[in-house]
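Keep in mind the model is a prediction, meaning the values are calculated, not measured.
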Amino acid sequence: MAEPPGRGDIWCEDLVRIYSTEGVEVQALQGLNLVVDPGDVVALVGASGSGKSTLLGILSGLDRPTGGRARVAGVDLLSMSRAQRVDYQRHTVGFVWQQTSRNLLPFLTAAENVALPMVISGRTEREQRVGELLDLLDVGDCGARRPAELSGGQQQRVAIATALANSPAVLLADEPTGELDDAASAQVLEAMRASAGELGTTVLVVTHDPTVSDHVRRTVAIRDGRTSTEVLRYVVTDESGEQRQVAKEYTVIDRAGRIQLPRAHVEELGLRDRVRLEAEPDHVQVWPDDEEHAAGERRDGPDRTPLPSEREPRESRPVPQEER
Ligand SMILES: Nc1ncnc2c1ncn2[C@@H]1O[C@H](COP(=O)(O)OP(=O)(O)OP(=O)(O)O)[C@@H](O)[C@H]1O
């Protein structure tokens, strides 16, 4: 995978994170690959324990991977010095947590919270930027209120404004709508998407929220510490000129050519131990193990569908071992 240049990109290759506690090792990330283009807004979904928070911890510079490579906005996360790490967390990435109370200081007003990262980094002309950011997140009227005087959704929108204060190239959010109801979640996600679009910020948002698909172009699923499938959404115009949204699901393929088949297909077709691949000119077919399949078909009688290996010869050919 060639390293893409540019501001705001996220690039992970064969990322591994092993936790060791009391002699027990947990492999939270098992060779994860992920590329996010600058300016894209991507949702990361997956079952509990699949490694989502571990990945965000690494990308935010709070944690270090055990192996692999990771770059964010051109910064190599494995070779950062302590000073570079502080600078990275102040200027390159912004972070929003699930717990509304963790994002904002309770004794400061919303405006003071948004200004704080700029005070720490010595940025001037803060007042105007605070106002612009609060307006952008649709909480322009909340500047003088403390977090306890705001709704959960307003707090998260102020938190996003705070995370964007120092113009980070990348915004990372871990379940930012986890404590909100559906309506507030939708507002927060939309505000995040819109503000990131306006500022050109790349966004990676971890979520269990099923409505997130309405707000992002790309959803990446993570399973057992690896990216497994992706859904891309785009708008097409049909012959009558009407526009509709189309979603296509893809399986991720790594550098070594490995793919993880969706669990539903594996279970439905009884795939296990080994499968047979058959290359067509423009696609590859995956078949259950011939021997098992044939045994099953023999039991089912003569009207069965012929196995691929028993059909008339054709252009396609089995994938040679060395190409697998
Ligand atoms: N500090 C830690 N020490 C030991 N194991 C850990 C630690 N943090 C996470 N793990 C383990 O690593 C795996 C991945 O955890 P992670 O928190 O990244 O998953 P997740 O997808 O974010 O889950 P959730 O959706 O429940 O937050 C899990 O098996 C978890 O138990």
Would you list the atom pairs, donor with acceptor, under 3.5 Å between side chains in residues 183-196 and any protein atom, with sequence neighbours excluded?
unit_1: S185; atom_1: OG; unit_2: D181; atom_2: O; d: 2.9
unit_1: Q187; atom_1: OE1; unit_2: R157; atom_2: NH2; d: 3.4
unit_1: E190; atom_1: OE1; unit_2: R193; atom_2: NE; d: 3.4
unit_1: E190; atom_1: OE1; unit_2: H215; atom_2: ND1; d: 2.9
unit_1: E190; atom_1: OE2; unit_2: R193; atom_2: NE; d: 3.3
unit_1: E190; atom_1: OE2; unit_2: R193; atom_2: NH2; d: 2.5
unit_1: S195; atom_1: OG; unit_2: A191; atom_2: O; d: 2.8
unit_1: S195; atom_1: OG; unit_2: M192; atom_2: O; d: 3.2

With a 3.5 Å cut-off and sequence neighbours excluded, list the donor-acceptor pairs that the side chains of residues 38-49 form with protein atoms.
unit_1: D40; atom_1: OD1; unit_2: R217; atom_2: NE; d: 3.4
unit_1: D40; atom_1: OD2; unit_2: R217; atom_2: NH2; d: 2.9

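Taking a 6.0 Å sphere around CG of D135, one finds it holds more than 12 heavy atoms contributed by other residues, nucleotides or ligands. A 6.0 Å sphere centred on CD of E127 holds no more than 12 heavy atoms belonging to other residues, nucleotides or ligands.
In this structure, V275 is a member of the same hydrophobic cluster as I253, with clusters built from ILVMFWY side-chain heavy atoms closer than 4.5 Å. Hydrophobic clustering (side-chain heavy atoms under 4.5 Å, transitive across Ile, Leu, Val, Met, Phe, Trp, Tyr) groups L62 together with L55. In this structure, V252 is not a member of the same hydrophobic cluster as L271, with clusters built from ILVMFWY side-chain heavy atoms closer than 4.5 Å. Linking ILVMFWY residues whenever their side-chain heavy atoms come closer than 4.5 Å, directly or via other members, places V266 and L269 in the same cluster. Cluster membership check: V130 does not share its hydrophobic cluster with F107, using side-chain heavy-atom separations under 4.5 Å among Ile, Leu, Val, Met, Phe, Trp and Tyr.
Identified under the salt bridge (Lys or Arg N to Asp or Glu O under 4.0 Å) test for residues 242-253, with sequence neighbours left out: none. Pairs of residues two or more places apart, or lying in two chains, that qualify as salt bridge (Lys or Arg N to Asp or Glu O under 4.0 Å) and include a residue from residues 47-66 are R17-D63. Sorted by first and then second residue, the side-chain hydrogen bond (donor to acceptor under 3.5 Å, both in side chains) pairs involving residues 142-151 (not counting sequence neighbours) are S151-Q154.
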Exercise. Take L29 and V16 through the test side-chain contact (heavy atoms from CB on, under 4.5 Å) and record every step on the way to the result.
Key: CA-CA 5 Å; L29 298 182; V16 173; 5.5 Å; no
Quiz item: Would V36 and R218 count as a side-chain contact (heavy atoms from CB on, under 4.5 Å) if you check the C-alpha gap in whole Å, the side-chain angles of each, and the deciding distance to 0.1 Å?
Solution: CA-CA 9 Å; V36 178; R218 182 176 167 211; 4.2 Å; yes
Practice problem: For side-chain contact (heavy atoms from CB on, under 4.5 Å), just list the numbers for D9 and V35, CA-CA rounded to whole Å, side-chain angles, deciding distance to a tenth of an Å, and then say yes or no. | Solution: CA-CA 7 Å; D9 54 321; V35 177; over 6 Å; no
Self-check item: Step-by-step side-chain contact (heavy atoms from CB on, under 4.5 Å) determination, V220 to E230
Solution: CA-CA 4 Å; V220 176; E230 289 197 24; 3.9 Å; yes
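In terms of the side-chain contact (heavy atoms from CB on, under 4.5 Å) criterion, residue partners of L108 (sequence neighbours excluded) are, by chain and number, L105, E112, N113, L116. In this structure E125 satisfies the side-chain contact (heavy atoms from CB on, under 4.5 Å) test with no other residue, sequence neighbours excluded. For Y88, the ring-ring contact (aromatic ring centres under 6.0 Å, His included) criterion is met by no residue, not counting sequence neighbours. Partners of A159 under the side-chain contact (heavy atoms from CB on, under 4.5 Å) rule, at least two apart in sequence or in another chain, are V96, N103, L104, Q156. The side-chain contact (heavy atoms from CB on, under 4.5 Å) test applied to E198 returns L136, not counting sequence neighbours.
Annotation: side chain of L137 is not in contact with side chain of V158 (no heavy-atom distance under 4.5 Å). Counting heavy atoms from C-beta outward, D289 and D273 have side chains that stay 4.5 Å or more apart. Looking at heavy atoms from C-beta onward, E25 lies in side-chain contact with S20 at the 4.5 angstrom threshold. Using a 4.5 Å cut-off on side-chain heavy atoms (C-beta onward), L199 and L133 make contact. Taking the side chain as every heavy atom from C-beta outward, D174 and Q98 never approach each other to under 4.5 Å.
Put simply, CZ on R85 and OG1 on T92 are 12.0 Å apart, with the number rounded to the nearest 0.5 Å. Interatomic distance, I160 CD1 to L134 CG, rounded to the nearest 0.5 Å: 12.0 Å. With rounding to the nearest 0.5 Å, the separation of CG in N33 from CG in D14 is 5.0 Å. Expressed to the nearest 0.5 Å, how far CG of L34 lies from CH2 of W11 amounts to 11.5 Å. One finds the CG atom of N166 at 12.5 Å from the CD atom of Q89 (value rounded to the nearest 0.5 Å). Taken to the nearest 0.5 Å, the CG atom of L77 stands 7.5 Å off from the SG atom of C12.
Looking at every heavy atom in both residues, Q260 comes nearest to T227 through OE1-O, 4.3 Å. The two atoms that bring T202 and D37 nearest to each other are CG2-O, 3.7 Å, heavy atoms only. Considering every non-hydrogen atom in both A70 and L15, the closest pair reads CB-CD1, 4.0 Å. In this structure, S101 and Q155 approach most closely via the heavy-atom pair N-OE1, 4.5 Å. S121 approaches H91 most closely through the heavy-atom pair CB-CE1, 3.4 Å. In terms of heavy atoms, A247 sits closest to V231 at CB-CG1, 4.0 Å.
Membership of the apolar cluster around V236 extends to Y234, V246, as traced through chained side-chain contacts below 4.5 Å between ILVMFWY residues. L78 belongs to no multi-residue hydrophobic cluster, having no ILVMFWY side-chain contact under 4.5 Å with any other such residue.
With hydrogens and angles left out, the side-chain atoms of T219 and R233 include a donor and acceptor closer than 3.5 Å.
Although no hydrogens or angles enter the test, the distance criterion places no donor-acceptor pair under 3.5 Å between the side chain of T54 and the main chain of A28.
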